[in-house]
Amino acid sequence: MTKPVRVRFAPSPTGYPHVGNIRTALFNWLFARRYGGRFIVRIEDTDLARKVEGAEKGILDSLRWLSLDWDEGPDVGGDYGPYYQSQRLELYKSAAEKLVAQGDAYYCYCSPERLEAMRAEQVKRKQPPGYDRHCRELAPEERAQKEAEGIVPVVRFRVPLEGQTRFKDLIYGDVVFGHSTLDDFVLLKSDGYPTYHLANVVDDHAMKISHVIRAEEWISSTPRHLLLYQALGFEPPEFIHHPMILGPDRAKLSKRHGAVSILDYRDQGYLPQTMFNFLALIGWSLDDRTEIIPRQALVDNFSLERIGKTGAIFNREKLDWMNGVYIRSLTPDEFFDAVQPFLMSDIAAGEALIENEDYVREVLPLVQERAKTLLEVVELTRFFFVDGLDYDASQLIGKKMDAQSTVNALKAAQENLEKLVVLQESATSETLPAFDADSLEAVLRPLAAELELKTGQLFGVLRVAVTGQSAAPPLFATMAVLGRERSLKRIAAALSKL
RNA sequence: GCCCCCAUCGUCUAGUGGUUAGGACAGCGGCCUUUCAAGCCGUCAACAGCGAUUCGAAUUCGCUUGGGGGCACCA
């Protein structure tokens, strides 16, 4: 690499950024950081009709969420701005005029209706759809006539009829397209805005982009771009097309595949470090075994050579697993911070958070290793925050037990727990915690034998009584966090259900 | 229809002429255990097919099949 590395992420604000787009951004960012280059964000807002309000914010928020910081672009500016194509219209216009002047482009007056009819006919006759070059050789008088009629033309590129364009993609290798398969594509629309093809080439050159890293869906428009670079006298950048992310049906990932917006994953409680790692691993690999790769390691080891050529299905199960790994790796404080917004969106949990943050901080370690997402934490911890438990009395009855033995077990537990707490409180004043996990176990374990129950039976009954669930964090720790009063109250409530 | 790309376990992948084809997720079985997790151990599972080159092909070449992408005054 002789030229300084300058790569760009060039989204169009026409919708919310899905995981595929953001992965492209990630690859670009990693490449820039790996080789000490610049990562540039350029907004390709050249389609007025499809522009979506808030889309740009969604895109930038997504990048920020993953900490894909850009060196030039919106907000930060840069030496090659403006970074909005809608503010660079003059550049495209003069490029188009230059091409027309030198005979590489021409004005086309065909109406959308004619073009549509033409395409319909081509499809009907099973011919490749494409512009029929109707205006390619218009005589000056004909042009004047059209102009007089007030028709605003588009500018089309005059693709050579013969020959071929080839390029070496850094991932796919040599790719060749015959010019006969290309049509005279539009450069400048009648509203004065450029098409992607023109704007992209003009800007990549103007912004000194060294490597164009984009999804494979662009590979077939690359020859058009190359033709433009040539006609404009620009030196083309390196081209790198990477495989796409597929839905479970192996088609290009789209809205109908469910959650595809990167922000949906954020809102569902996936950690940014998970998405960063996971996205990098779709299509790229470090070696034959490493899955969990911290951000810095990714930067240090990223390389184009290790991007594969095959499209990859977004594997939700593996994402869940990885998010669990990252959640477990969080310190208690980090976990608290990450989970807080999700807790706040729940009434009971939010209230607990406001009234007694310390209590919440005690609860969280009990579920941290059980959660696959932050959102799930709300469900996992719900019983800690609500007043009344809602479960069916039949759930209380332990394995191989009946209502009577269950009542007996609960009563015995109740008595023993009350006794224990009183004893400890009076005997040891402040030095011993009155209701901790160890003490609880010391009391409850012998009790099972006394009642001639298996520990699993007794603990199971108590678990349902205290949590309303048959699956929950460890019983003693749970009761200790819940506290003496709440625990005994729930046991009493269970008794009244039977 | 035309053009381009791709092809290893269900999924993500390692592999670049000689490997018992490795890892991860999921699944299954077990251990641990008060439940659920986590952890540990084990197990199931793949080179799309056919030719060619070669002493030898997952690895090279061709064809077939399959899949994907593109073919707008969208990006």
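Quick note on labels: first sequence line is chain A, next is B, and so on, each numbered from 1.
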S.K.: Give the rounded distance in Å between these two atoms: CG of A/D169 and P of B/C6.
M.R.: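 Those two atoms, CG and P, are 9 Å apart.
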S.K.: So, does A/T290 get its side chain near the phosphate of B/A24, meaning an N or O under 4.0 Å from OP1 or OP2?
M.R.: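 The answer is no; no side-chain N or O of A/T290 sits under 4.0 Å from OP1 or OP2.
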S.K.: Hey, does A/M244 reach any base, or is it just sugar-phosphate, or nothing, if we go heavy atoms under 4.0 Å?
M.R.: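 If one applies the 4.0 Å heavy-atom cut-off, A/M244 turns out to touch the sugar-phosphate alone, with no base involved.
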S.K.: Taking only the side-chain nitrogens and oxygens of A/T195, find out if one of them lies under 4.0 Å from OP1 or OP2 of B/C73.
M.R.: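 So the side chain of A/T195 is outside the cut-off, no N or O lying under 4.0 Å from OP1 or OP2 of B/C73.
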S.K.: Rounded to whole angstroms, how far apart are CD1 on A/I313 and C1' on B/C6?
M.R.: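 Roughly 14 Å, once rounded to whole Å.
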S.K.: Hey, which sits more toward the 5' end of RNA chain B by its nearest nucleotide, A/G311 or A/P473?
M.R.: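 Between the two, 5'-proximity favours A/G311.
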S.K.: For A/F476, report the nucleic acid contact type (base, sugar-phosphate, nothing); a contact means any heavy atom under 4.0 Å.
M.R.: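 Base, at least one base atom sits under 4.0 Å.
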S.K.: Within the structure shown, what part of the strands sits under 4.0 Å from A/P153 by heavy-atom distance: base, sugar-phosphate, or nothing?
M.R.: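 No contact at all - A/P153 keeps every heavy atom at 4.0 Å or more from the nucleic acid.
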S.K.: Categorize A/S190 for me: base, sugar-phosphate, or nothing, with a 4.0 angstrom heavy-atom threshold over every strand shown.
M.R.: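 Contact class for A/S190: base.
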S.K.: Mind checking if A/P248 touches a base, just sugar-phosphate, or nothing, with heavy atoms under 4.0 Å?
M.R.: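 Nothing: the residue A/P248, judged by heavy atoms under 4.0 Å, touches no strand.
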S.K.: Using a heavy-atom cut-off of 4.0 Å across all strands, would you classify A/R50 as base, sugar-phosphate, or nothing?
M.R.: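 Result for A/R50 = base.
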S.K.: Less than 4.0 angstrom from a charged side-chain N to a carboxylate O is my criterion; do A/D184 and A/R133 meet it?
M.R.: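 The answer is yes: the pair qualifies as a salt bridge.
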S.K.: Any strand is fair game: report the nucleotide pairing with B/A38 by Watson-Crick or G-U wobble, both distances under 3.5 Å, or none.
M.R.: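 None - no nucleotide pairs with B/A38, as no candidate has both distances under 3.5 Å.
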S.K.: Please give, in whole Å, the distance from B/C6 P to A/Y172 OH?
M.R.: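 After rounding, the gap between these two atoms is 7 Å.
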S.K.: Please confirm whether the shortest side-chain N or O distance from A/R156 to OP1 or OP2 of B/A72 is below 4.0 Å.
M.R.: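 No, A/R156 has no side-chain N/O under 4.0 Å of OP1/OP2 on B/A72.
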S.K.: Would you say a side-chain N or O of A/K189 is under 4.0 Å from OP1 or OP2 of B/C74?
M.R.: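 Checking A/K189 against B/C74: at least one side-chain N or O falls below 4.0 Å of OP1 or OP2.
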S.K.: Distance check needed: B/G15 P versus A/I307 CD1, whole Å only.
M.R.: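 It is 14 Å, rounded to the nearest whole Å.
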S.K.: Indicate yes or no: does A/K93 engage A/E97 in a salt bridge with an N to O separation below 4.0 Å.
M.R.: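 Salt bridge: yes.
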S.K.: Looking at OH of A/Y193 and OH of A/Y92, how far apart are the two atoms once the value is rounded to the nearest 0.5 Å?
M.R.: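 Between atom OH of A/Y193 and atom OH of A/Y92 there are 10.5 Å.
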S.K.: Looking for any heavy atom pair under 4.0 Å, which part of the strands does A/A472 touch: base, sugar-phosphate only, or nothing?
M.R.: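 Contact class for A/A472: base.
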S.K.: Report which part of the nucleic acid A/D287 touches: base, sugar-phosphate, or nothing (heavy-atom distance under 4.0 Å, all strands).
M.R.: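 The residue A/D287 makes sugar-phosphate contact but no base contact.
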S.K.: Assess the residue pair A/R382 and A/E379 against the criterion (salt bridge (Lys or Arg N to Asp or Glu O under 4.0 Å)); give the C-alpha distance rounded to whole Å, side-chain angles, the decisive distance to 0.1 Å, and a yes or no.
M.R.: CA-CA 5 Å; A/R382 170 153 282 124; A/E379 292 306 317; 2.8 Å; yes
S.K.: Considering Watson-Crick and G-U wobble pairs with both distances under 3.5 Å, what does B/A45 pair with?
M.R.: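 Paired with no nucleotide.
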S.K.: Does A/L281 reach a base, just sugar-phosphate, or nothing at all? Heavy atoms under 4.0 Å.
M.R.: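 It contacts sugar-phosphate atoms only.
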S.K.: In the structure shown, which nucleotide is the Watson-Crick or G-U wobble counterpart of B/C32, with both distances under 3.5 Å?
M.R.: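 Pairing partner: none.
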S.K.: Please state how far atom CZ in A/F177 lies from atom P in B/C2, giving the value in whole angstrom units.
M.R.: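 My rounded result for the distance is 16 Å.
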S.K.: More 5' along RNA chain B: A/V325 or A/E216, using each one's nearest nucleotide?
M.R.: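 Checking each residue's closest nucleotide, the 5'-ward one belongs to A/E216.
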S.K.: Using OP1 and OP2 only, check whether a side-chain N or O of A/K318 sits under 4.0 Å from B/U13.
M.R.: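 Negative; the distance criterion is not met.
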S.K.: Check the distance between B/C6's P and A/H241's NE2 and give it to me in whole angstrom.
M.R.: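 About 13 Å, once rounded to whole Å.
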S.K.: To the nearest 0.5 Å, what is the distance between CG (A/D203) and CD (A/Q85)?
M.R.: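 Rounded to the nearest 0.5 Å, the CG-CD separation comes out at 4.5 Å.
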S.K.: To the nearest 0.5 Å, what is the distance between CZ on A/R484 and CE on A/M479?
M.R.: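 A/R484 CZ to A/M479 CE: 11.0 Å, rounded to 0.5 Å.
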S.K.: Categorize A/K454 for me: base, sugar-phosphate, or nothing, with a 4.0 angstrom heavy-atom threshold over every strand shown.
M.R.: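 Here A/K454 touches no strand at all.
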S.K.: When only distance counts, do a donor and an acceptor, one from the side chain of A/Q122 and one from the base of B/G1, lie under 3.5 Å apart?
M.R.: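 Between B/G1 and A/Q122, which were checked side chain against base, a qualifying N/O pair under 3.5 Å is absent.
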S.K.: Using both distances under 3.5 Å as the test, list the Watson-Crick or G-U wobble partner of B/C71, or none.
M.R.: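 Checking every strand shown, B/C71 finds its partner in B/G1, with both distances under 3.5 Å.
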S.K.: Quickly work out the A/K309 NZ to B/C47 C1' distance and round it to whole Å.
M.R.: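 In whole Å, B/C47 C1' and A/K309 NZ are 16 Å from each other.
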S.K.: Expressed as a whole number of angstroms, how long is the span from A/E217:CD to B/A72:P?
M.R.: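 So the CD-P distance, A/E217 to B/A72, works out to 15 Å.
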S.K.: Is the positively charged end of A/R224 above the ring of A/F157, judged by distance under 6.0 angstrom from the centroid and angle within 45° of the axis?
M.R.: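 Output no; distance or angle outside limits.
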S.K.: Please name the nucleotide paired to B/A24 by Watson-Crick or G-U wobble geometry with both distances under 3.5 Å, or report none.
M.R.: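 Check on B/A24: paired to B/U11, both distances under 3.5 Å.
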S.K.: Indicate whether OP1 or OP2 belonging to B/A14 is found under 4.0 Å from a side-chain N or O atom of A/R289.
M.R.: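 No.
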S.K.: Check whether NZ of the Lys or CZ of the Arg A/K497 lies under 6.0 Å from the centre of the six-membered ring of A/Y391 and within 45 degrees of that ring's axis.
M.R.: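 Relative to the ring axis of A/Y391, which defines the angle, A/K497 lies inside both limits.
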S.K.: Over all strands shown, is A/V186 touching base, sugar-phosphate only, or nothing at heavy-atom distances under 4.0 angstrom?
M.R.: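 It contacts sugar-phosphate atoms only.
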S.K.: Just checking A/R316: base, sugar-phosphate only, or nothing, at a heavy-atom cut-off of under 4.0 Å?
M.R.: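 Nothing, no heavy atom under 4.0 Å.
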S.K.: Select base, sugar-phosphate, or nothing to describe what A/G283 touches, counting heavy atoms under 4.0 Å on all strands.
M.R.: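 Sugar-phosphate, backbone atoms only, no base.
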S.K.: Across the strands shown, which category fits A/C108 at heavy-atom distances under 4.0 angstrom: base, sugar-phosphate, nothing?
M.R.: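 The residue A/C108 makes no contact with any strand.
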S.K.: Look at the side-chain N and O atoms of A/R328 and state whether any lies under 4.0 Å from the OP1 or OP2 oxygen of B/G39.
M.R.: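 Result: yes.
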S.K.: For B/G1, take OP1 and OP2 only and decide whether either is under 4.0 Å from a side-chain N or O of A/K124.
M.R.: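 Answer is no, no contact under 4.0 Å.
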